Number of protein chains: 2
Amino acid sequence: MGRTATIEDGELVARLTEAFRNLGYEGATLALLAEATGLQKASLYHRFPGGKDQMAREVLESAQSWIEEHILRPLKGPGDPAARIAAMTHRLEELYDGGRQPCLLNVLASGRNLEGPFAAEIKGMFQAWIAALAAVAVDAGLDKKAARLRAERFVALLEGSLVVARGMGTLQPFRDFLKSAPAELL
Amino acid sequence: MGRTATIEDGELVARLTEAFRNLGYEGATLALLAEATGLQKASLYHRFPGGKDQMAREVLESAQSWIEEHILRPLKGPGDPAARIAAMTHRLEELYDGGRQPCLLNVLASGRNLEGPFAAEIKGMFQAWIAALAAVAVDAGLDKKAARLRAERFVALLEGSLVVARGMGTLQPFRDFLKSAPAELL
DNA sequence: GTCTATAGGAAGATAGAC
DNA sequence: GTCTATCTTCCTATAGAC
């Protein structure tokens, strides 16, 4: 190892993810992103020729992959509904670091990004998540319409508990949500 | 009316509010704020010598006053719990323009503002709102602990339904929330 | 693949005329 | 009280050495 910084691709995206989540898209300046990753601005541009926009895009795609693999796939998989919900809540705690980390979808849906390039991907992620949750609720015996409503409400509760937790400076709302998660959906 | 722009104080703050809600604190540049208000940047500085920070602060204080007067006071006031909830939901529809406008608390709690000057005020507003809702739930017969949980969950649902509505590009989640509001709290 | 250095422009903020 | 013009700083992005 020479004196120049180096960083693996996965770790790089992870650090950028945390920065975007906590600073927002406009708040995440290249100077701050460089500081967060340990690289210089020019090095970031070497890996992301498209600049900040590309960084956020890859961060979002990375989150999408993680969610599909660790959240949606187990949700769709075998096992009784309660067990699948339990598996998801365990992963949610991980994904949001117990309520300490905001949701990337909420952060990137703010500001001018709405008309921008993230809108379609964000919409798709919400839809996929809600559809997977609704399927579980149907498996548990709810009719289609009720299941859909429960699923949408569940995602809203998740997002809202993170907002309230951040705004109030306490993790309790997110913990309470995780605790009540099975009852909320089924 | 001469050729120079002019604007009443209330209308000025209203336009700034809309701008901050839709652009975020960092996304709301002075150029955009000038465009939103019809004033030049220098004119904004004449009314807000503290710059953008002061604008956001006054916007937040204005929202606080509105909420205290139109949401919390009726919530604490006389009448049976169901009627008070109904009065609030009517005002919520107005406050968030049927789900079209994000919550200022969510927007301003993002980014670097958390450690910043808005944190205390945001926290206080969430606390006051939750306390008022919990009091209604207690009036409706719930015990203190259950009422508190319901109130917190109610605010989370409100915030989350706005997030999901924005992210999915449809007002339905917020509408569904308003519809289910009484049942959620009581 | 990372760095230093810098270009070019937009950001927040101010000066001073009217 | 609003304007035009300008200052300084910061931001995004690039050039080019190693």
Side-chain angles (χ1 to χ4, degrees), chain A residues 1-60 107-108 110-113 115-118, chain B residues 1-60 107-108 110-113 115-118:
Chain A
M1 289 267 287
R3 63 180 179 74
T4 59
T6 180
I7 183 170
E8 186 217 349
D9 253 37
E11 180 67 16
L12 176 58
V13 173
R15 304 244 184 123
L16 290 176
T17 301
E18 188 180 352
F20 278 117
R21 287 168 88 170
N22 286 292
L23 300 167
Y25 183 80
E26 347 273 344
T29 69
L30 282 167
L32 289 170
L33 294 173
E35 186 188 339
T37 57
L39 294 178
Q40 297 296 327
K41 286 185 277 183
S43 303
L44 284 174
Y45 274 95
H46 176 76
R47 299 216 190 176
F48 303 95
K52 211 167 101 167
D53 188 88
Q54 186 184 350
M55 296 183 213
R57 179 174 313 282
E58 291 198 20
V59 159
L60 192 54
V107 169
L108 290 184
S110 291
R112 231 148 21 295
N113 310 307
E115 311 111 36
F118 308 130
Chain B
M1 288 267 287
R3 60 181 182 76
T4 60
T6 180
I7 184 170
E8 185 217 350
D9 252 38
E11 180 66 16
L12 175 58
V13 172
R15 304 241 185 129
L16 290 176
T17 301
E18 188 181 351
F20 278 117
R21 286 168 89 171
N22 287 291
L23 299 167
Y25 182 80
E26 347 273 344
T29 68
L30 282 167
L32 289 170
L33 293 173
E35 187 188 340
T37 56
L39 295 177
Q40 297 296 327
K41 285 186 280 183
S43 303
L44 285 174
Y45 274 93
H46 176 76
R47 298 216 191 177
F48 304 95
K52 211 168 101 168
D53 188 87
Q54 185 183 352
M55 296 182 213
R57 180 175 313 282
E58 291 198 21
V59 159
L60 192 54
V107 168
L108 289 185
S110 290
R112 231 149 20 297
N113 310 308
E115 310 112 34
F118 308 129

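This is a predicted model, so every value here is computed, not measured. Residue numbering restarts at 1 for every chain, and letters A, B, ... go by the order of the sequence lines.
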Taking [atom1] from [X] and [atom2] from [N], how many angstroms apart are they, rounded to a whole number?
{"X": "Y25(A)", "N": "dC11(D)", "atom1": "OH", "atom2": "C1'", "result": "12 Å"}
{"X": "E35(A)", "N": "dC11(D)", "atom1": "CD", "atom2": "C1'", "result": "15 Å"}
{"X": "F48(B)", "N": "dT2(D)", "atom1": "CZ", "atom2": "P", "result": "11 Å"}
{"X": "R47(B)", "N": "dG12(C)", "atom1": "CZ", "atom2": "C1'", "result": "20 Å"}
{"X": "L39(B)", "N": "dT4(D)", "atom1": "CG", "atom2": "P", "result": "12 Å"}
{"X": "Q54(B)", "N": "dT14(C)", "atom1": "CD", "atom2": "P", "result": "11 Å"}
{"X": "Q40(B)", "N": "dT14(C)", "atom1": "CD", "atom2": "P", "result": "17 Å"}
{"X": "L33(B)", "N": "dG12(C)", "atom1": "CG", "atom2": "P", "result": "8 Å"}

Would a 4.5 Å heavy-atom cut-off, applied to side chains only, mark [X] and [Y] as touching?
{"X": "E26(B)", "Y": "T29(A)", "answer": "no"}
{"X": "F20(B)", "Y": "L60(B)", "answer": "no"}
{"X": "K52(A)", "Y": "L44(A)", "answer": "no"}
{"X": "Y25(A)", "Y": "D53(A)", "answer": "yes"}
{"X": "F48(B)", "Y": "L16(B)", "answer": "yes"}

Any S43(A) side-chain nitrogen or oxygen under 4.0 Å from OP1 or OP2 of dG1(C): no

If we ignore hydrogens and angles and just use 3.5 Å, is the side chain of T17(B) paired with the main-chain N or O of V13(B) as donor and acceptor?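 Present.
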
Counting only N and O atoms by type, is there a donor-acceptor contact under 3.5 Å from the side chain of T37(A) to the main-chain atoms of L33(A)? yes

From dC11(D), dA11(C), dT2(D), pick the nucleotide closest to the side chain of T29(B)?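 The nucleotide sitting nearest to the side chain is dA11(C).
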
The side chain of T4(A) lies closest to which of these nucleotides: dT2(D), dC11(D), dT2(C)? dT2(C)

Under 4.0 Å protein heavy-atom contact, by nucleotide of nucleotides 13-18 of chain D - B base, S sugar-phosphate only: BBB---

